[in-house]
Amino acid sequence: MIMYGGGAGKDGGSTNHISDGGVVLKKGPWTAAEDEILAAYVRENGEGNWNAVQKNTGLARCGKSCRLRWANHLRPNLKKGSFTGDEERLIIQLHAQLGNKWARMAAQLPGRTDNEIKNYWNTRLKRLQRQGLPLYPPDIIPNHQLPSTSTTSSTTTTTTT
DNA sequence: AATTAACCCAACCGCCGACCC
DNA sequence: CGGGTCGGCGGTTGGGTTAAT
């Protein structure tokens, strides 16, 4: 029997901001039914107001959980499957420039999420370290880990394209 | 055929910053 | 000006699956 906080676990959401109206928020894997409720709500109301999802649909999920689910799995145009060689190279380049700025990196990879990129990178990082290989290919020079030679770094991410 | 290690994916947690009241 | 809430980000953990020994 699996019971995801479906009992007395009131504090499930840990850093839950506000108190729910006595509703016990659920956690753990999402079900297809929950996905549909969330997807339908977003279709009607758009993204944002994630806490409103729980308030208006009665879905026993906190706003944070809804946002994450939507962003990583329900959002349309999500690219599924493995990263292409082109995407991999782009990720490496972006990481060399931005560091662990997964959200920014995801913005450069249409259909990909920060979580996916983060998972990919972490796995690759471990693998490369195990094999004693460099994180970046020789033709890529990371900018984010340069010593404090020039403090006035660029914060403006000129997103061309 | 069984056991162990590694890999990948999904989700949660806590923290931070922005925004609104 | 201060307090509170929400949204978002990055880090970390857990579970399941697959491959190798």
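Order of the sequence lines fixes the chain letters, A, B, ..., with proteins taken first and strands second; residue numbering starts at 1 for each chain.
- In this structure, A:N122 places its CG atom 8 Å from P of C:dG11, rounding to the nearest Å.
- Taking the six-membered ring for Trp and thresholds of 30 and 60 degrees, A:W121 and A:H95 have nearly parallel ring planes, at less than 30 degrees apart.
- The salt bridge (Lys or Arg N to Asp or Glu O under 4.0 Å) pairs that include a residue from residues 80-100 of chain A are A:K79-A:E87, A:E87-A:R112, A:E88-A:R124, A:R89-A:D139, where partners are two or more places apart or lie in different chains.
- Note on A:N51: a side-chain N or O is less than 4.0 Å away from OP1 or OP2 of C:dC6.
- A:R61 comes within 4.0 angstrom of sugar-phosphate atoms only, judged by non-hydrogen atoms across all strands, and of no base.
- A donor N or O paired with an acceptor N or O is found under 3.5 Å between the base of B:dA10 and the side-chain atoms of A:N119.
- Within the structure, every side-chain polar atom (N or O) of A:W102 is placed at least 4.0 Å from both OP1 and OP2 of C:dG8.
- Between A:W121 atom CH2 and B:dC7 atom C1' there is a gap of 17 Å when expressed in whole angstrom units.
- Atom CE of A:M105 is separated from atom P of C:dG10 by 10 Å (rounded to the nearest Å).
- Checking the phosphate oxygens (OP1, OP2) of B:dA5, no side-chain nitrogen or oxygen of A:R127 falls inside 4.0 Å.
- Taking 4.0 angstrom as the limit, A:R67 places a side-chain polar atom (N or O) nearer than this to OP1 or OP2 of C:dG8.
- Rounding to whole angstrom units, CG of residue A:N115 and P of C:dT13 are separated by 15 Å.
- Contact check, A:N49 against C:dC6: no side-chain N or O comes under 4.0 Å of OP1 or OP2.
- Applying the 4.0 Å criterion to OP1 and OP2 of C:dG11, one finds that A:N100 has a side-chain N or O inside that range.
- A:W50 has a side-chain polar atom (N or O) that falls below the 4.0 Å cut-off from OP1 or OP2 of C:dG8.
- In the set C:dC9, C:dT12, B:dA10, B:dA10 carries the atom at the smallest distance from any side-chain atom of A:H73.
- Among all heavy-atom pairs drawn from A:K27 and A:R61, the shortest one is CA-NH1, 3.1 Å.
- Between the P atom of B:dC9 and the NZ atom of A:K118 lies a distance of 14 Å, rounded to the nearest Å.
- Between A:G63 and A:W50, the closest heavy-atom pair is O-CB, 3.4 Å.
- Applying the 4.0 Å criterion to OP1 and OP2 of B:dC12, one finds that A:S65 has a side-chain N or O inside that range.
- With contacts defined as side-chain heavy-atom distances shorter than 4.5 Å, the pair A:Q54/A:L25 qualifies.
- Between the NZ atom of A:K80 and the C1' atom of B:dA10 there is a distance of 13 Å, given to the nearest Å.
- In this structure, A:F83 atom CZ and B:dC7 atom P are separated by 17 Å, rounded to whole Å.
- Between the base of C:dG8 and the side chain of A:K64 there is a donor-acceptor pair shorter than 3.5 Å.
- Following rounding to the nearest Å, A:W70 (CH2) and B:dA10 (P) show an atom-to-atom distance of 16 Å.
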